[in-house]
Amino acid sequence: MNDEFKTLKKFDAGNGREGFLHSLPELETQGVGKISRLPISIRIVLESVLRNCDGKKVRGKDVETLARWDAKKPANEEIPFVVARIVLQDFTGVPLVVDLAAMRSAVKRLGGDPKIIEPLVPVDLVVDHSVQVDFFGSAQALRLNLEMEFKRNRERYQFLKWGQQAFKTFQLIPPGIGIVHQVNLEYLAKGVLSQKSEIRGQRSEIFYPDTLVGTDSHTTMINGLGVVGWGVGGIEAEAGMLGQPVYFLTPEIVGVHLSGRLKEGVTATDLVLHITQMLRAQKVVGKFVEFYGEGAASLPVPDRATIGNMSPEYGATIGYFPVDQESVNYLRATGRSDEQCAAFENYFRAQKMFGMPRKGEIDYSVDLELDLGQVQPGVAGPKRPQDRINLPELGQTFRSLLQKPVKDGGYGIENVDLDAKHPVQLNGSAPQDDEMASTDNRNQGIEPGDERNKVEMVANRPTPDTAREFKASTADPFRHGRSEIGHGSVLIAAITSCTNTSNPSVMLAAGLLAKKAVDRGMRVDPAVKTSLAPGSRVVSDYLTKTGLQPYLDQLGFNLVGYGCTTCIGNSGPLHPKIEKAIHDYDLVAASVLSGNRNFEARVHQNIKANFLMSPPLVVAFALAGRVDLDLTKEPIGKDKDGKETFLRDLWPSLKEVRDAMQSALTPEVFRRLYRDFANQNPKWNEIPSSTGDIYQWDEKSDYIHEPPFFKDFSMEVGKIENIVGARALGIFGDSVTTDHISPAGAIKASSPAGQYLMSRGIKPEDFNSYGSRRGNDLVMTRGTFANVRIKNLMVPGTEGGVTKYYGPATGPATSTSGEQMSIYDAAMKYQKDNVPLVILAGHEYGTGSSRDWAAKGTRLLGVKAVIAASFERIHRSNLVGMGVLPLQFPEGTNAQTLNLDGSEVFSITGLSDSIEPGKTVTLEIQRKNGGRDSVPVRLRIDTPIEIDYYRHGGILQFVLRQLLASK
Ligand code: SF4
């Protein structure tokens, strides 16, 4: 056991257990920094650095640097953070396991032992991102969506089952259990972990804080429980799994002092949207945020988790809440053992890190204040989570955005009647229309519990299989009825996302509001696609126990699955007639969801205005059917007697919510629902899986394919050299998201990926999403920059993955006018001629969810460098991890100020093996009229280790060479 600083100490771990810890107070006693003034989140990272200090991967200098962290002037040093565990979701997890399998194959080809590739820390993969809302508004929606999910994802699930048996430290939580972050909060997180170790000649137990990284940006949710963790790209997570530290620069830490209490009628969602707006304005990107003070102490852990969850939306690496009695109470209430809870509390007490810090006790880089009493009910949107709107102002804001020019963030609707409504008759387009009953329960006053609810079925565009299912179950696949839609009509209302479904107070508030609405005989318009997708089965347990689920059902919020659904864009299709009306009348229709992201085309390709809000407000707006109103003054609708009903008539009081909570949540429920997952899901057990250390790649599979990253792999390391004679593949504006670069949603039949799948005999209805095909590089490369909303400024006025191809820099094939074609086709033509490619972009390039394929696809298209005005943290590091060079324009410079249209030839000079992080190199531009310009650009390789990754051609190659060399 490493103990360079002689800080190993015995402590009482509770319940008769004695253990060791690396004492931070002892480190302070020895004069290595004023640890007791450090933010708690930094102390937790420091403990990891101290414990793993072996003089090689982690050096004594690293301990000293961090222990002497200066709040006002943090040293610009990289910190090697060895995390205790790793969590994955299936979209990002599958490609990671594919890469591990590919590494094993590469090791075997080189004559080594494939088993040297093995996760060195515990890895949990939760299958949560694959469920789609194909069916809704029915008691059978859950079962049918699960069946569809298994049908669509069978090959991926077979592969994951192989991974489960091939790697020892890999736990898989099958579909239908929950959402990764909620499962992490309610079950996986331990607060403190221990390991048997030889200490001073004796077998002992060493304790250390629970820390993690996850391949999902909302991994940050776990900071609400006092566990430090954040989202990294799959590439970094892979390195973490293979024993490499996660490196990050010593952060600035923003302390947010919370005071006061939330007012009646204000939810945790309102609070997190307020914080998101407030912290975005404070520019906390790349910083840690720590909440403290009596206001923080007053928040229950689920509220803290909601705030931690949205760190990516406010831009921080984490939004951390220190451990206190409330944290221990939460562990106990969620069924963790007494032994676990005692160890958690005693460990943090022994480290003098227990209890919510008060003002003045800790030194932060920046001090902010928030009085919780000032928070107002609100929503955020229609395009960005930080654009918060006070609830009374929503209608007015929406209406003004309708006419505002697109360049100013509006929708640019001109010369039409904004109030026009268009009738849609929702029937008659089902394949077996004449064979299906056409009752609409919601228009017939069916009460909760009525058997007829069980056969009502609301779904759209059934595939032949699903249509047969309906026929077999005599259910009706379409919601029938007449509706009228126009600008601002709510067409999707989804209670979704771990952000909120992990929080019983807002979920129960939604149920209570639904009950009051149903009691008044209110109904949801048939045009609204309603869904409820909690992040764990615990939610269903308490909604059932409190008797609230039937009221949600009555409004169409039946359970559709336990997974991400609408939050990740798996909202499923809308009724074809609704889609047609949106298209014909160019409608700016709305979705309302309790999610955390609302970038264009994320929720649904045809819904342009997406508003984030609390679950009870989702129900309220579903009832209202539109967003262009002031719900605090205008009626939501009419009750059964035709009397106008207002939000205030339906809104549950804090007391009602608390009473419901107390009667519903018990530790036994968590223990019962979080055990023996495989056997609770027979469909999972039915999937056959292959066995062995090496995966047998199947060329027939269109889900799992051996990626080319280790093709021709050798132990020889490459050289860093200038990039010469490059062409631009794309020029983009600000805020290009990872979803623009590598979409997760639907694959269009006309896109390169769609064409490829069809050439393999796959019908469009079986395409599944990009997210589900991340185990196949052939699809994902074709899908890179293929988001239908991405705007390549090289082809002004277009949307989607198109570019202009100009041919090689010199020679007969050079073109000055350019030929328009898909980005993929152009990239392949350039590759054929060995022409390097660059991407030019504006601010916040790569914002949004962590997405390793955004970097992998960029590399496989042949892009050598991305030059942007600024980068989002994870995507920048993923680019380096894939051997793509991130470069930053000087302040105030971009492709537009340089008058670039993509016809130029680019070179990047000043690159060599001796480059240093942050060095300035030169972008040389040769224009088609012969003009030349030079622009200094900053290397966004931020740390020395990243230079090594880049030199090796990427982090995977670096790790593989290290592993092979050490054996
Ligand atoms: S529910 Fe949303 S935020 Fe949570 S893991 Fe799924 S996609 Fe991410």
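Numbering starts at 1 and runs along the sequence shown. Note that this is a predicted model, so its numbers are computed, not measured. As the structure lists them, so they are numbered: ligands from 1, and atoms in each ligand from 1.
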Using only heavy-atom distances, determine whether the side chains of Ser735 and Glu844 contain a donor-acceptor pair under 3.5 Å. yes
Which segment of Asp216 sits under 4.0 Å of ligand 1 when only heavy atoms are counted: side chain
Just checking, is any N or O donor in the side chain of Ser138 or Asn558 under 3.5 Å from an acceptor N or O on the other one? no
So, is Cys567 placed with an N/O/S atom under 2.8 Å from atom 2 (Fe) of ligand 1, counting both backbone and side chain? yes
Quick test of your reading of the model: are Glu147 and Lys151 salt-bridged, counting only N-O distances below 4.0 Å? no
Which is it for His181 and ligand 1 at heavy atoms under 4.0 Å: side chain, backbone, both or neither? side chain
Below 2.8 Å, any N, O or S contact between Cys564 and atom 4 (Fe) of ligand 1? no
Indicate whether the side chain of Ser540 and that of Tyr562 have a donor and an acceptor atom separated by less than 3.5 Å. yes
Would you call Arg672-Asp541 a salt bridge at under 4.0 Å N-O? yes
Closer than 4.0 Å to some heavy atom of Ile179 - which atoms of ligand 1 meet that? 1 (S), 4 (Fe), 5 (S), 6 (Fe)
Tell me which protein heavy atom sits closest to atom 3 (S) of ligand 1, plus the residue, atom name and distance to 0.1 Å. Asn596 ND2, 3.1 Å
Determine whether the side chain, the backbone, both or neither of Gln89 has a heavy atom under 4.0 Å from any heavy atom of ligand 1. neither
Ligand-side contact atoms (ligand 1) for residue partner Ile568, heavy atom cut-off under 4.0 Å: 7 (S)
Does some non-hydrogen atom of Ser497 fall short of 4.0 Å from ligand 1? yes
Below 4.5 Å, heavy atoms only, C-beta onward: do Leu88 and Val180 meet side chain to side chain? no
Given the ring of Tyr703, does Arg773 sit roughly above its face, with NZ or CZ under 6.0 Å from the centre of the six-membered ring and within 45° of the axis? yes
Counting only heavy atoms closer than 4.0 Å, does ligand 1 sit against the backbone of Asn309, its side chain, both, or neither? neither
among protein heavy atoms, the one nearest atom 4 (Fe) of ligand 1 is Cys498 SG, 2.3 Å
Please tell me if the side chains of Asn184 and Leu212 come closer than 4.5 Å, counting only heavy atoms from C-beta onward. yes
